[in-house]
Amino acid sequence: MITPNTFLFMFIYVGTFFQITYSQQRYLANKQLACERFDNTTNGSLCNGVQTSCLSYVTFRAQPPYDSAPYIGALLNSEASMIAQLNNITDVEKIPTNRLIIVPVTNCSCSGQFYQHNSTYDLKYSTETYFSLANNTYQGLTTCQSLINQNPYDARKLVVGTQLSIPLRCACPTRNQTDNGVKYLLSYLVTWRDSISAIGEKFGVDEESIKSANLLSDNDLIFPFTPVLVPLKAQPRLISIARKPPPPPSPTINVPTPTVNSSNSSSSKTKIWLFIGIGVGSVLLLALLGFFLWFVCYRRPSQPVSQGKMVPVSSDYTSAPERNYESSVVTAENVRLIMDSVVKVYNFEDLQKATGYFSEDKRISGSVYLGVIKGDNAAIKRVKGDAVNEINILKQISHSSVVRLSGYCMHEGNAYLVYEFVENGSLSDLLHESESCETPTVRLEWKQRVQIAYDVADGLNYLHNYANPPYIHKNLKSSNILLNGGFRAKIINFGMARTAGSEEEGEKGLQLTRHVVGTQGYMAPEYMKDGVVTPKMDVFAFGVVMLELLSGKEAVTFSDANGNDGKNVNAELLLLSINQVLEGENVREKLKIFIDPSLRGEYPLDLAFSVAQLAKNCVAKDLNSRPSMFDVFISLSKILSSSLDWDPSDELETSTIL
Ligand SMILES: *[C@@H]1O[C@H](CO)[C@@H](O)[C@H](O)[C@H]1NC(C)=O
Ligand SMILES: *[C@@H]1O[C@H](CO)[C@@H](O)[C@H](O)[C@H]1NC(C)=O
Ligand SMILES: *[C@@H]1O[C@H](CO)[C@@H](O)[C@H](O)[C@H]1NC(C)=O
Ligand SMILES: *[C@@H]1O[C@H](CO)[C@@H](O)[C@H](O)[C@H]1NC(C)=O
Ligand SMILES: *[C@@H]1O[C@H](CO)[C@@H](O)[C@H](O)[C@H]1NC(C)=O
């Protein structure tokens with residue numbers, strides 16, 4: 001049966017005589033469109049090079065959410081830092097949509113008959129098909145045919161969450177090419193209005209070598225969303241990043257506007273035009289129509305992957321990435337996790353609506369507003385300037401004791417961070433407000449307090465020892481701990497956080513900063529004095545938080561030394577008081593006085609003593625005598641389990657004995 005598709009292939013086969021002259025790769029033409037037809041070109045580049053494995057390059061046009069080096073790296077299984085370096089961008093930078101990015105693929109190797117670079121993809125939407133993945137998500141770097149070949153899943157039964165193997169098209173130079181000095185082959189993705197000469201100009205490569213590498217003759221056509229191999233004698237560099245206006249809105253059937261190739265008569269080598277003659281255009285139209293009919297009947301619709309609402313990111317986002325963000329440690333695995341947790345980019349208008357145009361009655365505190373997004377409460381924080389540091393950290397962290405970032409938005413130089421809404425406000429307010437308010441809203445009980453300490457220790461232990469890379473929060477305090485409906489704690493405010501140095505670099509990951517900022521009453525002495533940054537500064541601050549939980553007092557209390565108009569204010573540090581409590585005689589009596597009276601004596605004194613002892617160790621002057629967060633977490637988990645077993649009626653008996 002002669003289907004419309006057959007016409008297409010007959011047409012494309014013009015010019016195959018080149019195969020005799022050169023033993024390179026045959027251009028895919030448009031055969032990737034017919035997913036049910038397999039041949040040598042649809043499955044990949046033939047394994048005919050000198051090497052069975054080589055460094056190769058592919059191009060990719062930035063498309064949200066694949067618009068930063070780590071995300072593109074994760075999609076294509078390439079190293080983010082290498083992408084960043086090759087394209088002169090930073091790891092954290094948003095790349096403008098449609099900008100051409102060169103991606104190195106280190107492991108282009110023979111797999112059976114064909115060269116390929118392996119990546120994987122977890123299906124995210126029920127609308128995804130082998131074709132939409134190959135054409136839309138991977139922009140033509142793979143074909144539906146090779147996806148079908150290398151994945152056991154029925155094309156009509158793809159399930160969200162399934163991990164697919166993605167063979168990306170690549171190739172290694174043939175003998176013929178290496179003899180001519182070619183070192184690498186770059187798979188360039190053709191786009192609307194491209195021509196071989198334009199591609200050559202982009203990479204400083206002559207037209208003839210591209211044609212021969214792809215076995216193209218002068219009259220052959222090239223098609224958008226297909227790769228063309230560009231032979232390179234050195235590492236690729238874009239001669240000029242042409243920022244063309246966006247392509248015209250494409251008609252439902254994706255054929256370029258028919259245009260007559262007018263340079264037929266010219267004696268010079270004619271360019272290979274992407275534009276298609278009117279006659280050819282109609283054949284193609286028929287072919288595509290046939291394909292579409294087949295597609296509609298037998299496949300699920302191939303819609304572009306829905307990406308949610310994306311907004312153009314203001315340019316100042318890209319201008320100043322945080323200096324201390326050690327971004328090269330972002331691994332592909334990490335980024336996969338990030339993408340699966342889906343941090344959204346919100347539209348500013350949506351955030352305005354969600355917060356009643358940031359109205360005063362929606363303000364929770366400072367620059368944090370309550371918003372309602374799709375029926376769910378969210379806390380929306382406005383940050384002056386960029387918040388890349390915090391966004392990048394929170395994107396990578398998924399822990400129940402760390403506040404979840406659901407998305408962000410950049411607008412007129414401000415960043416808007418959208419977090420999960422945590423109902424009960426900050427620990428600081430809950431503990432200390434009752435002193436000033438005549439009607440204390442909530443009174444935290446002993447078990448709740450230990451649970452909160454345990455949660456925070458859990459979160460910090462995760463940050464220090466399990467996050468990859470590890471982080472130091474640097475600004476832990478009771479106002480940066482929020483409590484949810486069940487009074488479970490969540491750490492917030494990662495604006496000052498930074499990666500913890502690895503053991504190899506410097507002495508036990510010692511880092512120094514000249515820029516000492518922090519909150520009085522929580523800052524470790526070595527940090528205040530010398531700017532020493534280690535995880536032990538979080539341990540110190542956590543010790544102060546435990547003291548607040550025990551005593552209900554603030555980290556610093558100000559008192560008038562002269563009892564007059566506040567000229568001589570004394571700052572009294574909570575952390576200094578614990579030594580007086582735990583040293584000398586009558587420790588139990590002193591401890592009972594120290595402990596928050598709002599507990600009304602309803603606590604196990606022995607466990608309170610353990611917590612006080614632990615807090616005292618945490619606020620030790622010498623950082624080496626402080627326990628690690630891991631040790632603290634272990635101690636607290638024991639105290640928590642004893643606290644949960646504790647029955648207030650037992651204590652009444654024991655306390656009468658005391
Ligand atoms: C194309 O594939 C067929 C088998 O499907 C093989 O026999 C043939 O040699 C291949 N063509 C080239 C040029 O390698
Ligand atoms: C890389 O980018 C920076 C600024 O973004 C620019 O100053 C520099 O010239 C660029 N380098 C190259 C080699 O393009
Ligand atoms: C490339 O593949 C080979 C064989 O599968 C593997 O041993 C090697 O580690 C890979 N190299 C890189 C850089 O992924
Ligand atoms: C890529 O995947 C194919 C199968 O999907 C496998 O045969 C091949 O060894 C893989 N190549 C590398 C370099 O890992
Ligand atoms: C292939 O993907 C491009 C870019 O996403 C899209 O514009 C085009 O319509 C797709 N082609 C088909 C046949 O769906």
Side-chain angles (χ1 to χ4, degrees), residues 4-5 8 28-35 43-45 47 49 51-56 59-67 75-78 97-98 100 105-121 125 127-153 163-172 189-194 223-227 246-257 274 284-285 287-296 299-307 310 332:
N5 283 332
L8 171 65
L28 180 62
N30 233 355
K31 276 176 279 177
Q32 85 289 356
L33 289 179
C35 292
N43 285 340
S45 303
C47 200
Q51 294 169 291
T52 55
S53 176
C54 65
L55 168 64
S56 179
T59 66
F60 188 82
R61 288 187 175 79
Q63 285 295 334
Y66 308 106
D67 56 356
L75 185 70
L76 304 179
N77 185 18
S78 174
T97 298
N98 282 326
L100 192 70
V105 295
T106 45
N107 233 351
C108 175
S109 39
C110 288
S111 168
Q113 250 192 309
F114 306 102
Y115 279 118
Q116 67 183 48
H117 168 77
N118 290 345
S119 186
T120 56
Y121 181 87
Y125 307 95
T127 49
E128 285 174 319
T129 61
Y130 284 128
F131 180 78
S132 78
L133 265 184
N135 175 72
N136 303 57
T137 310
Y138 282 90
Q139 303 179 3
L141 286 174
T142 184
T143 61
C144 48
Q145 289 93 338
S146 61
L147 288 178
I148 291 168
N149 265 351
Q150 298 197 16
N151 288 285
Y153 314 103
Q163 186 174 76
L164 299 184
S165 309
I166 310 287
L168 298 176
R169 294 174 75 91
C170 62
C172 302
L189 286 171
V190 178
T191 188
W192 306 102
R193 305 208 179 132
D194 257 338
F223 301 86
F225 319 114
T226 63
S250 44
T252 37
I253 293 174
N254 293 285
V255 177
T257 332
L274 176 64
L284 263 179
L285 239 124
L288 278 164
L289 217 72
F291 167 69
F292 258 67
L293 279 174
W294 168 80
F295 201 77
V296 167
R299 308 249 151 181
R300 290 183 293 165
S302 80
Q303 288 154 14
V305 182
S306 95
Q307 246 105 43
M310 296 292 172

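Read the numbers this way: they start at 1 and go in the same order the structure lists the ligands and their atoms. Residues take their numbers from the sequence shown, with the count starting at 1.
The side-chain heavy atoms of Ser53 and Asn107, taken from C-beta on, include a pair separated by under 4.5 Å. Residues Leu75 and Tyr138 have side chains in contact (heavy-atom distance under 4.5 Å, counting atoms from C-beta outward). Leu189 has its side chain within reach of Leu141: a pair of non-hydrogen atoms, C-beta onward, lies under 4.5 Å apart. Side chains of Arg61 and Thr191 form a contact here, defined as non-hydrogen atoms less than 4.5 Å apart.
Under a 4.0 Å heavy-atom criterion, Gln116 is in contact with ligand 4.
When only interatomic distances are considered, the shortest N/O to N/O separation between Asn135 and ligand 5 falls below 3.5 Å. Considering backbone and side-chain N/O atoms, Asn107 never comes within less than 3.5 Å of an N/O atom of ligand 4. Any N or O atom pair closer than 3.5 Å counts here, and Asn118 shares at least one such pair with ligand 4.
Between the side chains of Gln139 and Gln63, no donor-acceptor pair of N or O atoms lies under 3.5 Å.
The atoms of ligand 4 that sit less than 4.0 Å from any heavy atom of Ser109 are 13 (C). Close approach of ligand 4 to Ser111 is summarised as follows: ligand atoms under 4.0 Å from at least one heavy atom of the residue are 3 (C), 6 (C), 7 (O), 8 (C).
Within the set Trp192, Phe225, Phe131, the minimum heavy-atom distance to atom 14 (O) of ligand 5 is found for Phe131.
Between Trp192 and Phe225, the ring center distance clears the sub-6.0 Å criterion.
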